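Some notes on the structure that comes next.
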Protein chains: 2
Amino acid sequence: MSRSASGSGTGSADGLTRSAGAVVGLLSSLVRHAPRDLSMTSVSTLSTLDSTGPRRITDLAAIGGITQPSVTALVISLERAGLVERCKDPADKRVVLVAITAAGSDYLHARRRANIEAFAQLIDRLPLDEAAALGAAVPALEHLRELDDQQRDPGPSIGGVGTGLDG
Amino acid sequence: MSRSASGSGTGSADGLTRSAGAVVGLLSSLVRHAPRDLSMTSVSTLSTLDSTGPRRITDLAAIGGITQPSVTALVISLERAGLVERCKDPADKRVVLVAITAAGSDYLHARRRANIEAFAQLIDRLPLDEAAALGAAVPALEHLRELDDQQRDPGPSIGGVGTGLDG
DNA sequence: ATAATCTATATAGACAGTCAATGTAGTTTC
DNA sequence: GAAACTACATTGACTGTCTATATAGATTAT
């Protein structure tokens with residue numbers, strides 16, 4: 001809380017705190033109204049499968065930050081919904097490889113599109129100068145997300161966590 | 001998706017979509033790692049009580065977007081934790097008025113401080129220009145939250161919903 | 001080679017948070 | 001003062017999560 005407090009665009013001493021409050025507040029406002037047809041964790045798991053290909057149960061647990069039994073249950077329900085497939089790994093008969101289906105991929109992309117579009121419509125109602133300021137802050141927002149992921153997952157190349165809202 | 005697509009700071013045609021994606025992505029990244037000692041709904045309820053004073057059960061249900069039986073259970077557990085008090089309304093003996101206690105208020109403020117500070121530390125690691133851009137986007141972010149609240153709650157003066165992460 | 005150990009997943013049992021449906025006490029209206 | 005309404009509590013179910021443990025298969029050491 002030392003450096004950029006003087007560097008933030010507001011020029012005031014608590015610009016940083018205010019930035020933090022603004023982002024956190026908006027975040028809060030959105031989360032609790034997200035669609036609930038699938039759990040955040042399910043969407044997050046689908047997202048991982050979609051972007052990085054088939055995975056074993058244990059991987060999904062580590063990536064998603066939940067336990068292996070939870071993933072087992074989650075995958076079973078996703079399978080029942082037709083959104084993923086489970087296949088045995090011929091090289092190691094203990095392993096279950098989970099893959100997203102075409103239906104799963106379709107669902108995911110539709111949901112992602114809807115989320116972004118709804119938010120885009122919100123942005124579209126901003127005054128021009130605010131929309132411009134938001135656009136200029138995009139690299140900062142993307143960078144923040146990277147920093148956040150790094151900080152929580154100091155491990156190697158597991159890839160983005162995927163978080164449900166980005167479904 | 002018509003106007004500010006050309007007005008956003010990126011200058012590209014999909015600047016709006018990219019802004020939306022950036023914000024949604026960051027928010028997603030943060031949500032799933034929030035502290036879970038109290039549920040989002042509990043913190044949200046505490047926040048409402050803290051900012052608007054004692055409330056009846058039904059109010060809390062409407063404000064929080066959950067059912068009345070859920071609030072009854074939630075309030076009972078908050079009461080057991082010493083964070084709220086329940087008292088009868090002398091004017092209407094059916095009513096239970098729920099009020100936040102000093103301990104509840106302390107908890108809430110500590111949590112809010114911690115959240116904002118953690119996020120501020122993240123912002124502090126941004127390059128100066130990005131931190132400045134983020135600072136400049138604060139009014140836009142705050143405005144977005146307002147727009148979001150309005151859109152979902154076209155009703156009268158219920159006040160901010162409070163969403164758990166802003167605890 | 002085979003026994004011990006490790007690994008990947010499944011199962012069982014528990015708990016929190018949510019809901020819909022319904023019960024009960026108190027209030028308002030006609 | 002009877003009917004209808006309101007505020008809250010209770011019940012029973014379902015989901016998502018956890019810990020602890022079981023089972024099948026793989027690896028390692030002797």
Side-chain angles (χ1 to χ4, degrees), chain A residues 31-46 48-49 54-81 83-99 158 161-165 167, chain B residues 31-46 48-49 54-81 83-99 158 161-165 167:
Chain A
V31 172
R32 291 191 17 93
H33 301 96
R36 286 289 162 85
D37 53 338
L38 283 192
S39 71
M40 280 202 305
T41 311
S42 295
V43 178
S44 159
T45 301
L46 274 185
T48 298
L49 293 175
R55 290 284 196 163
R56 42 176 71 187
I57 301 277
T58 330
D59 279 3
L60 294 176
I63 294 172
I66 57 179
T67 60
Q68 169 264 309
S70 297
V71 174
T72 293
L74 186 159
V75 164
I76 287 173
S77 87
L78 285 178
E79 186 182 33
R80 267 201 283 264
L83 303 180
V84 304
E85 277 175 348
R86 297 156 45 102
C87 19
K88 289 291 190 181
D89 183 344
D92 184 338
K93 292 182 201 160
R94 295 169 303 177
V95 170
V96 171
L97 285 175
V98 184
I158 280 185
V161 150
T163 51
L165 280 169
Chain B
V31 172
R32 289 190 19 93
H33 301 96
R36 288 287 162 86
D37 53 337
L38 283 192
S39 72
M40 281 201 306
T41 311
S42 296
V43 177
S44 159
T45 301
L46 274 185
T48 298
L49 293 175
R55 291 284 194 163
R56 42 175 72 187
I57 301 277
T58 332
D59 279 4
L60 294 175
I63 294 172
I66 57 180
T67 59
Q68 170 264 309
S70 296
V71 174
T72 293
L74 187 159
V75 164
I76 286 174
S77 86
L78 285 178
E79 186 183 33
R80 266 201 284 264
L83 303 179
V84 304
E85 277 174 348
R86 297 155 45 101
C87 20
K88 289 291 194 183
D89 182 344
D92 184 339
K93 292 182 201 160
R94 296 169 302 175
V95 169
V96 171
L97 284 174
V98 184
I158 280 185
V161 150
T163 51
L165 281 167

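Just so it is clear: chains get the letters A, B, ... in the order the sequence lines come, proteins before strands, and each one is counted from 1. Remember, it's a predicted structure, so these values are computed and weren't measured experimentally.
- At D:dA9, one or more side-chain N or O atoms of B:T72 fall inside 4.0 Å of OP1 or OP2 (strictly under the cut-off).
- If you check D:dT17, D:dA20, D:dC8 against the side chain of B:V96, the one that comes closest is D:dC8.
- What separates CZ of B:R55 from P of D:dC8 is a distance of 12 Å, to the nearest Å.
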>> Assess the residue pair B:V98 and B:T45 against the criterion (side-chain contact (heavy atoms from CB on, under 4.5 Å)); give the C-alpha distance rounded to whole Å, side-chain angles, the decisive distance to 0.1 Å, and a yes or no.
In response: CA-CA 10 Å; B:V98 184; B:T45 301; over 6 Å; no

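- Between the NZ atom of A:K88 and the C1' atom of D:dT23 there is a distance of 11 Å, given to the nearest Å.
- Judged as a salt bridge (charged side-chain N to carboxylate O under 4.0 Å, His left out), the pairs with a partner in residues 64-79 of chain A (not counting sequence neighbours) are, in order, A:E79-A:R86.
- Nearest nucleotide to the side chain of B:I57, out of D:dT19, C:dG26, D:dA9: D:dA9.
- Put simply, the side chain of A:R94 and the base of C:dT7 share a donor and an acceptor less than 3.5 Å apart.
- As rounded to whole Å, 14 Å separates atom C1' of C:dT9 from atom CD of A:E79.
- We find that CD1 of A:I66 is positioned 13 Å from P of C:dT9, with the value rounded to whole Å.
- The phosphate of D:dT17 (OP1 or OP2) has a side-chain N or O of A:T41 nearer than 4.0 angstrom.
- Here the side chain of A:S39 is nearest to one of D:dC8, D:dG16, C:dA10, namely D:dG16.
- The separation between B:D59 atom CG and D:dT6 atom P is 14 Å, rounded to whole Å.
- Distance from the side chain of B:S70 is smallest for C:dC19 among the nucleotides C:dC19, C:dT9, C:dA21.
- Between the P atom of D:dG16 and the CD1 atom of A:I76 lies a distance of 12 Å, rounded to the nearest Å.
- Within the 4.5 Å cutoff, the side chain of B:L60 has heavy atoms near those of the B:L49 side chain.
- Residues A:T48 and A:D59 fail the side-chain proximity criterion, which asks for heavy atoms closer than 4.5 Å.
- For B:P69, the side-chain atoms get nearest to D:dA9 when compared with the rest of D:dA9, C:dT27, D:dA20.
- Each of A:T67 and B:V95 was matched to the nucleotide of DNA chain D holding its nearest heavy atom; the match closer to the 5' end belongs to B:V95.
- Under 3.5 Å, the side chain of A:Q68 and the base of C:dA8 form no donor-acceptor pair of N or O atoms.
- If you measure from atom NZ of B:K93 to atom P of D:dA9, you get 17 Å, rounded to the nearest angstrom.
- Between A:V84 and A:V75, the shortest heavy-atom distance links the atoms CG2-O, 3.9 Å.
- Taking for each of B:A73 and B:R56 the nucleotide of DNA chain D with the nearest heavy atom, the 5'-most of the two is the partner of B:R56.
- Checking B:L38 against A:L97, the closest nucleotide of DNA chain C that is more toward the 5' end is the one next to A:L97.
- Under 4.0 angstrom from either OP1 or OP2 of C:dA10 there lies at least one side-chain N or O belonging to A:R86.
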